[in-house]
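The structure appears right after this line, and notes come after that.
Keep in mind it's a predicted model, so treat the numbers as computed, not measured.
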Amino acid sequence: MTEDDLQRLLEATLPAIDQHALIVEEAQDQDVRLRFPLRPALIGPGDVFSGPALLGFADTAMFAAILAATGGRALGMVATMSATFLRPMPAADVVAIARVIRRGKRMAHAEAWLFDHAPVEAVLHAIASCALRPRADG
């Protein structure tokens with residue numbers, strides 16, 4: 001699946017609130033790299049990103065990785081998710097690198113790493129177990 005294919009599929013599949021104006025930078029097999037442009041509305045006191053927004057970015061990134069891994073044939077519906085905030089996220093674009101760790105017939109396990117503008121020092125790490133559901137329109 002190309003970056004453009006994944007971008008179109010995410011725009012067609014996700015509700016607007018989960019799209020976060022994201023940009024697909026890379027999509028290779030089960031690995032994706034997304035950029036979430038800085039939106040001032042998501043910055044809280046101390047010029048730090050909203051924690052719930054970062055959790056949403058991680059969820060969207062793992063959803064994208066599962067779409068890429070299945071060639072767009074299945075949706076990953078989160079069953080469990082665990083996240084660790086590693087440091088405060090400054091006011092900058094968020095880069096997410098996500099991948100599918102293991103995929104079975106009914107479940108997929110994915111992880112996401114979030115960084116501030118460049119993948120150097122992570123701000124958040126999340127893992128999730130997702131139920132796989134065939135896409136209704138795919």
Point to revise | SG-CZ distance between C130 and R103, expressed to the nearest 0.5 angstrom | key: 12.5 Å
Check your understanding: Is it true that F63 and L124 fall in one hydrophobic cluster, defined by side-chain heavy atoms closer than 4.5 Å?
Key -> yes
**Study point:** Nearest-0.5 Å distance that lies between atom CG in L6 and atom OG1 in T13
**Key:** 9.0 Å
Practice item. Determine the minimum heavy-atom distance between A98 and M62, stating which atoms define it. Key: CB-N, 4.0 Å
Exercise for review: Show the numbers, then the answer: is there a side chain to side chain donor-acceptor pair (under 3.5 Å) between E11 and Q7?
Suggested key: CA-CA 6 Å; E11 290 168 0; Q7 184 82 44; 3.0 Å; yes
Exercise for review: Treating Ile, Leu, Val, Met, Phe, Trp and Tyr as nodes and any side-chain heavy-atom pair under 4.5 angstrom as an edge, say whether F36 and L38 lie in one connected cluster.
Suggested key: yes
Exercise for review: Look up atom CD1 in I127 and atom CD in E111, then write down how far apart they are to the nearest 0.5 Å.
Suggested key: 8.0 Å
Review point. Say you draw a straight line from NE2 of H109 to OG1 of T80; how long is it, rounded to the nearest 0.5 Å?
Key: 8.0 Å
Review point. If you look at every heavy atom in Q19 and L10, which pair is closest and at what distance?
Key: NE2-O, 4.0 Å
Exercise for review: Inspect the surroundings of CG in D47 and state if more than 12 heavy atoms from other residues, nucleotides or ligands are less than 6.0 Å away.
Suggested key: no
Check your understanding: With a 4.5 Å limit on heavy-atom distance, are the side chains of L132 and R106 in contact?
Key -> no
Review point. Quick check: does any side chain N or O of R135 sit under 3.5 Å from a backbone N or O of G72, one acting as donor and the other as acceptor?
Key: yes
Point to revise | Sub-4.5 Å side-chain heavy-atom contact between M1 and L9 | key: yes
Revision key, fill the gap. Scanning both residues in full, the closest heavy-atom pair of A64 with L34 reads CB-CD1, 4.0 Å
Review point. Can you tell me if E3 uses its side chain to pair, donor with acceptor, with the backbone of A27 under 3.5 Å?
Key: yes
**Study point:** Close side-chain approach of H20 and V94, heavy atoms under 4.5 Å
**Key:** no
Review point. Is it true that V24 and I66 fall in one hydrophobic cluster, defined by side-chain heavy atoms closer than 4.5 Å?
Key: no
Check your understanding: Does Q30 use its side chain to pair, donor to acceptor, with the backbone of V100 at less than 3.5 Å?
Key -> yes
Review point. Using 30° and 60° as the class limits, which term best fits the ring planes of F57 and F49: parallel, tilted or perpendicular?
Key: perpendicular
Study note, to complete from the structure: CG (L54) and CG (D59) are apart, to the nearest 0.5 Å, by 12.5 Å
Exercise for review: Give the cluster check for V32 versus W113: same hydrophobic cluster or not, with ILVMFWY residues linked at side-chain heavy-atom distances below 4.5 Å.
Suggested key: no
Practice item. Compare all side-chain heavy atoms of L114 with those of F85 and state whether any distance is below 4.5 angstrom. Key: no
Exercise for review: Answer yes or no: is there a donor N or O on one side and an acceptor on the other, between the side chain of R87 and the main chain of E121, under 3.5 Å?
Suggested key: yes
Review point. If you draw a 6.0 Å radius around CG in D18, do more than 12 non-hydrogen atoms from other residues or ligands fall strictly inside?
Key: yes
Review point. Going only through I, L, V, M, F, W and Y residues with side-chain contacts under 4.5 Å, is there a path from I97 to M89?
Key: no
